[in-house]
A.B. asks: 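Below you'll find the structure I mean.
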Amino acid sequence: MTIHKEGRLLLAVMLLVLAAINIGLYFYVGSTTVVKLIGIASAIIFLLVLQFFRNPLIKISVQPNQVIAPADGKVVVIEETTEEEYLKDRRIQISIFMSPVNVHVNRTPVKGVVEFFKYHAGKYLVAWHPKSSTENERTTMVLKTESGVSVLVRQIAGAVARRIKWYVKEGDKLEHGAEFGFIKFGSRVDVFLPVGTNVLVKEGDKTLGGRTVLAEL
């Protein structure tokens, strides 16, 4: 387990500020019950933020035709829909909701070349809102596998998550389960697969990024 790079500066600053507040209170007020409670509350807040930025070391072990979860979370949508932005055809959409307690590293569901990538500024509706996938801040990435199948992955910011990070560009070659981005403080990731794909999860299932097999192409 390591601390993700997106959280290291924030955690360092937060630790210094909380330490300064508590040390200052101790010297100016003394070891009172209120000061002790503030110290306990500070430790709890720091640990909550620390766990959000955890980055577990995982081993990717999948077959080439398997689609793995791009994020930790809960499957909230499995439906056939039309992907309007790039693919322009009917697709099976699998959506994973990431709560603030989940690991927020985003991983590639398949091995392939980044065929398309685009960032969209937008709103911050709650991640489960029907319009969040088209109106919220988001990124769209399309990976083309060695067999020629295009898989679309979309990061969507939510009401709390207001910072999407990505580390890829068009033309990049990505391995199965490679880290391609991070969404701070919860949100949603959508995967669009060809119609006829063998889906292996159901709504309500919990997923582990880079480990849970969502489907087989």
Side-chain angles (χ1 to χ4, degrees), residues 58-98 102-120 122 127-128 130 132-134 136-157 164-183 187-217:
I58 65 172
K59 182 178 180 180
I60 309 296
S61 179
V62 290
Q63 299 301 314
N65 68 322
Q66 290 180 327
V67 180
I68 55 177
D72 285 18
K74 180 181 179 180
V75 178
V76 293
V77 172
I78 300 177
E79 64 181 13
E80 186 174 322
T81 186
T82 300
E83 200 294 302
E84 300 282 3
E85 181 180 354
Y86 181 80
L87 299 172
K88 309 292 186 182
D89 62 6
R90 297 295 289 175
R91 289 274 157 163
I92 296 175
Q93 176 183 335
I94 302 177
S95 298
I96 298 172
F97 175 71
M98 305 156 63
N102 289 128
V103 171
H104 284 74
V105 176
N106 297 150
R107 299 182 179 277
T108 54
V110 295
K111 177 181 178 180
V113 177
V114 180
E115 178 181 9
F116 173 82
F117 185 90
K118 188 173 183 179
Y119 166 77
H120 303 266
W128 55 84
S132 65
S133 59
T134 56
N136 277 21
E137 180 186 11
R138 62 198 182 279
T139 67
T140 300
M141 177 176 70
V142 178
L143 291 167
K144 178 163 280 189
T145 68
E146 292 178 346
S147 60
V149 177
S150 292
V151 173
L152 186 147
V153 187
R154 182 169 288 137
Q155 297 172 293
I156 303 171
I164 294 177
K165 302 293 290 185
W166 62 91
Y167 317 119
V168 296
K169 62 184 184 301
E170 291 181 10
D172 285 353
K173 296 180 179 179
L174 303 178
E175 294 296 322
H176 235 137
E179 181 183 337
F180 76 89
F182 191 94
I183 308 180
S187 197
R188 200 177 93 202
V189 181
D190 294 344
V191 181
F192 291 81
L193 304 171
V195 173
T197 297
N198 180 26
V199 177
L200 301 177
V201 293
K202 61 183 183 300
E203 289 186 20
D205 283 356
K206 299 292 180 63
T207 63
L208 294 173
R211 287 165 283 182
T212 301
V213 179
L214 298 180
E216 293 178 342
L217 298 173

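Note that these values count all heavy atoms, side chains included, but never hydrogens, waters or copies made by symmetry.
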A.B. asks: Could you tell me whether R154 and E85 make a salt bridge, using a distance below 4.0 angstrom between a side-chain N and a carboxylate O?
C.D. replies: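 Answer for the salt bridge query: yes.
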A.B. asks: Supply the atom-to-atom distance L87 CG to L152 CG, rounded to the nearest 0.5 angstrom.
C.D. replies: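 Separation between the atoms: 5.0 Å.
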A.B. asks: Apply side chain to side chain contact (heavy atoms under 4.5 Å, CB included) to L200 and E216, showing your working.
C.D. replies: CA-CA 8 Å; L200 301 177; E216 293 178 342; 3.8 Å; yes
A.B. asks: Which atoms form the tightest heavy-atom contact between V151 and P109, and what is the distance?
C.D. replies: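 Heavy atoms of V151 and P109 come nearest at CG1-CG, 4.2 Å.
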A.B. asks: Would you say that S150 contacts L143 through its side chain, given a criterion of any heavy-atom pair below 4.5 Å between the two side chains?
C.D. replies: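 Counting from C-beta outward, S150 and L143 never come under 4.5 Å.
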A.B. asks: Do I68 and T212 have side chains that get closer than 4.5 Å, going by heavy atoms?
C.D. replies: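 Heavy-atom side-chain distance check fails, nothing below 4.5 Å.
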A.B. asks: Could you tell me whether the side chain of D72 and the main chain of G209 form a donor-acceptor pair under 3.5 Å?
C.D. replies: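 Answer holds: yes.
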A.B. asks: Taking the side chain as C-beta and beyond, is there a heavy-atom pair between Q155 and R138 under 4.5 Å?
C.D. replies: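 No; the side chains remain at least 4.5 Å from each other.
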A.B. asks: ring-ring contact (aromatic ring centres under 6.0 Å, His included) with F116: which residues, sequence neighbours excluded?
C.D. replies: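 F116: ring-ring contact (aromatic ring centres under 6.0 Å, His included) contacts with Y86.
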A.B. asks: Give the ring-plane orientation class for Y119 versus W166, where under 30° counts as parallel, over 60° as perpendicular and anything between as tilted.
C.D. replies: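 Geometry flag for W166 against Y119: parallel rings.
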A.B. asks: Is the number of heavy atoms from other residues, nucleotides or ligands within 6.0 Å of NZ (K88) greater than 12?
C.D. replies: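 Yes.
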A.B. asks: Say you draw a straight line from CG of D172 to CE of M141; how long is it, rounded to the nearest 0.5 Å?
C.D. replies: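 That separation rounds to 9.5 Å.
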A.B. asks: Do E84 and R91 meet the salt-bridge criterion of a basic N to acidic O distance under 4.0 Å?
C.D. replies: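 Looking at E84 together with R91, the answer is no, because their closest N to O distance does not fall below 4.0 Å.
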A.B. asks: Do you know which two heavy atoms are closest between I92 and G196, and how far apart they sit?
C.D. replies: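 Closest heavy-atom pair between I92 and G196: CD1-N, 3.9 Å.
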A.B. asks: Output, in order, the C-alpha distance, side-chain angles, deciding distance and verdict of side chain to side chain contact (heavy atoms under 4.5 Å, CB included) for M98 and R188.
C.D. replies: CA-CA 6 Å; M98 305 156 63; R188 200 177 93 202; over 6 Å; no
A.B. asks: What's the separation between atom CZ in F180 and atom CG in L174, rounded to the nearest 0.5 Å?
C.D. replies: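 Going from CZ on F180 over to CG on L174, the span is 9.0 Å.
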A.B. asks: To the nearest 0.5 Å, tell me how far R211 CZ sits from K59 NZ.
C.D. replies: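 R211 CZ to K59 NZ: 13.5 Å, rounded to 0.5 Å.
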A.B. asks: Among residues at least two apart in sequence or on other chains, which ones pass side chain to side chain contact (heavy atoms under 4.5 Å, CB included) with P64?
C.D. replies: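 Once residues adjacent in sequence are excluded, P64 has no partner under the side chain to side chain contact (heavy atoms under 4.5 Å, CB included) criterion.
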A.B. asks: Heavy-atom distance under 4.5 Å between the side chains of S147 and L217, does that happen here?
C.D. replies: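 Heavy-atom side-chain distance check fails, nothing below 4.5 Å.
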A.B. asks: For Q66, is there any backbone N or O sitting under 3.5 Å from a side-chain donor or acceptor partner on H176?
C.D. replies: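 The answer is yes, because a donor-acceptor pair under 3.5 Å joins these two groups.
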A.B. asks: Look only at the side chain of T139 and the backbone of K118, and say whether a donor-acceptor pair between them is shorter than 3.5 Å.
C.D. replies: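 No, the answer is negative, given that no donor and acceptor are paired below the 3.5 Å cut-off.
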A.B. asks: Between V191 and L193, is there a side-chain heavy-atom distance shorter than 4.5 Å?
C.D. replies: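 Yes - at least one pair of side-chain heavy atoms lies under 4.5 Å apart.
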A.B. asks: Look up atom CG in N102 and atom NZ in K206, then write down how far apart they are to the nearest 0.5 Å.
C.D. replies: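 Reported to 0.5 Å precision, the distance equals 8.0 Å.
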A.B. asks: Considering the options I96, V189, V213, which one meets the side chain to side chain contact (heavy atoms under 4.5 Å, CB included) requirement together with T207?
C.D. replies: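 Among I96, V189, V213, the one that satisfies the side chain to side chain contact (heavy atoms under 4.5 Å, CB included) with T207 is I96.
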A.B. asks: Would you sort out whether K165 and I183 count as a side chain to side chain contact (heavy atoms under 4.5 Å, CB included), showing the intermediate values?
C.D. replies: CA-CA 6 Å; K165 302 293 290 185; I183 308 180; over 6 Å; no
A.B. asks: Counting C-beta onward and ignoring hydrogens, is there a side-chain heavy-atom pair between V199 and L214 closer than 4.5 Å?
C.D. replies: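 V199 does not reach L214 side chain to side chain.
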A.B. asks: With a 4.0 Å cut-off, would you call R90 and E80 a salt bridge?
C.D. replies: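 Answer for the salt bridge query: yes.
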A.B. asks: Can N106 and E179 be counted as having a side-chain donor-acceptor contact under 3.5 angstrom?
C.D. replies: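 There is no such pair (donor and acceptor under 3.5 Å, judged by atom type) between the side chains of N106 and E179.
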A.B. asks: Could you give the distance from CD1 (I94) to NZ (K202), rounded to the nearest 0.5 Å?
C.D. replies: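 Separation between the atoms: 13.0 Å.
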A.B. asks: Under a plain distance cut-off of 3.5 Å, with no hydrogens placed, do T108 and E175 share a side-chain donor-acceptor pair?
C.D. replies: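 T108 and E175 do not have a side-chain donor-acceptor pair below 3.5 Å.
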A.B. asks: State, with a plain yes or no, whether a side-chain heavy atom of S95 is found less than 4.5 Å away from one of Q93.
C.D. replies: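 With C-beta onward as the side chain, the pair touches.
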A.B. asks: Measure from the side-chain N and O atoms of E137 to the backbone N and O of A157, and report whether any donor-acceptor pair falls under 3.5 Å.
C.D. replies: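 No, the answer is negative, given that no donor and acceptor are paired below the 3.5 Å cut-off.
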A.B. asks: Quick one: do the T81 and E83 side chains pair a donor with an acceptor below 3.5 Å?
C.D. replies: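 Note: T81 and E83 side chains miss the donor-acceptor criterion.
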A.B. asks: Could you tell me whether the side chain of T145 reaches within less than 4.5 Å of the side chain of V113, counting heavy atoms only?
C.D. replies: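 SC-SC contact between V113 and T145 ruled out.
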